[in-house]
Amino acid sequence: MAHEHKLEIFRGLVKFKSNIQKIWGVLAFLCFITIIEVVLGIYKPEGLIKTSFLGMKLLNWIFIILTLVKAYYIAWDFMHLRDENKSLRRAIVWTPIFLVLYLTFITLVEADYIYNVFKEGFVTWDF
Amino acid sequence: MDSTVTQGKVWEGGNKPLDASYGKMMMWFFIVSDALTFSGFLAAYGFSRFKFIETWPIADEVFTHVPFFHGNFPMAYVAFMTFILIMSSVTMVLAVDAGHKMQKNKVIWYMFFTIIGGIIFVGSQAWEWGTFIKGDFGALETKSGKILQFVKADSGERAALRDFAKPLHGERVQHERKNGMWFVGEGSLPSYSLNEVVEGFKANPNILIRTEQINEEGHKTLLNRQESLAKIKRATQVVEGANLVHNEYGHRLFADFFFFITGFHGFHVFSGILINLIIFFNVILGTYERRGHYEMVEKVGLYWHFVDLVWVFVFTFFYLV
């Protein structure tokens, strides 16, 4: 980071002239994504709610993917991970990703099992 | 390869592993571990939510208020808070950038705007907590802890308890330590007793009950008048607003996680503001000008962006999904 900034985003598709320009460009992109999220959240298109993929509504998958995109640009450009040493970047990024994927897999599968126990057991939970 | 090359002397110190200074590396260590803490909270939230997937409250119907405006604006205020935090993140990067160029006055101004953004965010969160705790419509709770909400049959709008509850006389007084058992306390009584709500409900045929159950269309199930009259017999108490034990919006775990996760995040923002203030005054005093570099601004900037990053996830999992 101390040396120079990499000024390309979107894999070189957009190249900025200075670091300050890049910051504003990334801000515009983040705002754009947030606006899409909010609009989708308010209107909830029928087609995206009715279809589900891997046990979750398509709309929710879109939200999660957009969130990860936002997280990528915050970490890469605001937290300067783009300019850090590759091995530092990988240590920082892949450690949590691996652990979080593991944890969410375990908790969500277990929760779904408990949901089925509540639903199909012969005990009523609503009295 | 670049990470394994050492720069001359190995044992006398002065090396920078991974080309990152000691302080910055430690900040990254902290951020990674803190990210795992937040992930643990959000995974726990996901666990409870998947467990009660058919009865979980719908966030759009819970967070609908905007300060100074009346009406129903789902998401609007949270979206505003998100923008505020992203904006303060941008001024923070600009401060870091100005620090690299040793432009002291620019660093001061950008840090100032960052702190203002943080204060607006924390204030908004406090307001949101207040609104959530106070509640708006009120509800009944059944013996099993399920929430029964009320809807006007003709318009389909939510009905508040004050719209139909029938004031009865002969109120019971609040139990206080000084006039009752000294070792038992009692929270404040709701504005209407259970009996008043039930009588008002029976007298007003326009009111229907809405249960926690989410139907095929993704809405809460609305009972017809007969079902509603049968259902209200199960109610045991009136719930207004939300706390850690009762929650008029639906499942009580929703309120617990709301307080816990946004509270923990809000505490991070608060401590971020304090750290920012310390660095801000150091910049004004010229500490980093004398030191020859503004790396402290960069380090506190990392923390500040991390707080923003966490909010992006909290926003998605609490308000959108």
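Residue numbers start from 1 in every chain, and the chains themselves are labelled A, B, ... in the order their sequence lines are given, proteins ahead of strands.
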message = For a 4.5 angstrom cut-off between non-hydrogen side-chain atoms, does B/Val321 reach A/Lys57?
response = no
task = Please round to the nearest 0.5 Å and tell me the distance separating atom CE of B/Met75 and atom CD of A/Glu37.
result = 8.5 Å
remark   = Max heavy-atom pairs within cutoff under 4.5 Å with chain B, candidates A/Val109, A/Thr124, A/Val93, A/Leu81, goes to A/Leu81
query = Which residue out of A/Ile64, A/Ile106, A/Leu68 racks up the most heavy-atom pairs below 4.5 Å with chain B?
reply = A/Ile64
query = Under the side-chain contact (heavy atoms from CB on, under 4.5 Å) criterion, do A/Lys44 and B/Asp60 qualify, and how do the steps go?
reply = CA-CA 11 Å; A/Lys44 298 191 172 170; B/Asp60 281 12; 3.2 Å; yes
query = How close do A/Asp77 and B/Val93 get, heavy atom to heavy atom, and via which atoms?
reply = O-CG1, 4.4 Å
remark   = Turns out that what part of B/Leu320 lies under 4.5 Å from chain A's heavy atoms comes down to both
ask   = Are B/Gln213 and A/Asp126 close enough that some pair of their side-chain heavy atoms sits under 4.5 Å apart?
value = no
ask   = So does A/Tyr72 have more than 12 non-hydrogen atoms from other groups sitting under 6.0 Å from OH?
value = yes
task = Heavy-atom distances under 4.5 Å only: say whether B/Phe315 touches chain A with side chain, backbone, both or neither.
result = side chain
message = Quick check on B/Lys233 against chain A: is it the side chain, the backbone, both or neither that has a heavy atom closer than 4.5 Å?
response = neither
inquiry  = Please find the pair of heavy atoms, one from B/Val32 and one from A/Pro96, that lie closest to each other, and give the distance.
reply    = CG1-CG, 4.0 Å
inquiry  = If you count heavy-atom pairs within less than 4.5 Å of chain B, which of A/Ile42, A/Ile92, A/Asp112, A/Leu88 leads?
reply    = A/Ile92
ask   = By a 4.5 Å heavy-atom criterion (distance strictly below it), what part of B/Met25 contacts chain A: side chain, backbone, both, or neither?
value = side chain
message = With a 6.0 Å cut-off (strictly less than), is the heavy-atom count around CH2 of B/Trp109, excluding the residue itself, greater than 12?
response = no
inquiry  = Between A/Trp61 and chain B, with a heavy-atom cut-off of 4.5 Å, which part of the residue counts as in contact: side chain, backbone, both or neither?
reply    = neither
ask   = Has B/Phe29 got more than 12 heavy atoms of other residues, nucleotides or ligands less than 6.0 Å from its CZ?
value = no
query = More than 12 heavy atoms of other residues, nucleotides or ligands under 6.0 Å from NZ of B/Lys143: is that the case?
reply = no
Nearest-0.5 Å distance, CG of residue B/Leu94 to CH2 of residue A/Trp24 = 5.5 Å
Under 4.5 Å from a heavy atom of chain A, the part of B/Ser39 involved = both
key: Residue B/Lys220 excluded, over 12 heavy atoms near NZ under 6.0 Å   = yes
key: chain A contact via B/Ala35 - which portion, at a heavy-atom distance below 4.5 Å   = neither
message = Please identify, among A/Ile114, A/Val100, A/Ile23, the residue contributing the most non-hydrogen atom pairs under 4.5 Å to chain B.
response = A/Ile23
remark   = Heavy atoms of B/Phe47 and A/Leu108 approach each other most closely as N-CD2, 4.0 Å
key: Within 6.0 Å of OH in A/Tyr102, more than 12 heavy atoms from elsewhere   = no
ask   = Which heavy-atom pair separates B/Lys146 from A/Trp125 by the least distance, and what is that distance?
value = NZ-O, 3.1 Å
task = Select one option (side chain, backbone, both, neither) describing which atoms of B/Leu42 are under 4.5 Å from chain A's heavy atoms.
result = neither
note = Shortest non-hydrogen pair, A/Leu103 vs B/Gly40, comes out as CD2-CA, 3.9 Å
message = Nearest 0.5 Å, please: how far is NZ in B/Lys24 from CD in A/Glu84?
response = 4.0 Å
remark   = Counting heavy-atom pairs under 4.5 angstrom with chain B, the leader among A/Asn60, A/Leu40, A/Ile35, A/Val38 is A/Asn60
query = Could you go step by step and tell me if A/Ile74 and B/Phe306 meet the side-chain contact (heavy atoms from CB on, under 4.5 Å) rule?
reply = CA-CA 9 Å; A/Ile74 289 173; B/Phe306 169 69; over 6 Å; no
Distance in Å, B/Leu18 CG paired with A/Arg90 CZ, rounded so as to fall on 0.5 Å steps = 12.5 Å
request  = Indicate yes or no: at least one non-hydrogen side-chain atom of A/Phe78 is less than 4.5 angstrom from one of B/Trp304.
outcome  = no
task = Check each atom of B/Phe83 against the heavy atoms of chain A and say whether the ones under 4.5 Å are side chain, backbone, both or neither.
result = side chain
message = Distance check, rounded to the nearest 0.5 Å: A/Asp83 atom CG versus B/Asp19 atom CG?
response = 12.0 Å
note = dist B/Leu309:CG -> A/Met79:CE (nearest 0.5 Å) comes out at 6.0 Å
query = Picking from B/Ala44, B/Gly301, B/Ser144, which has the most non-hydrogen pairs under 4.5 angstrom with chain A?
reply = B/Ser144
query = Can you name the nearest heavy-atom pair linking B/Ala43 to A/Thr104, along with the distance?
reply = CB-CG2, 4.4 Å
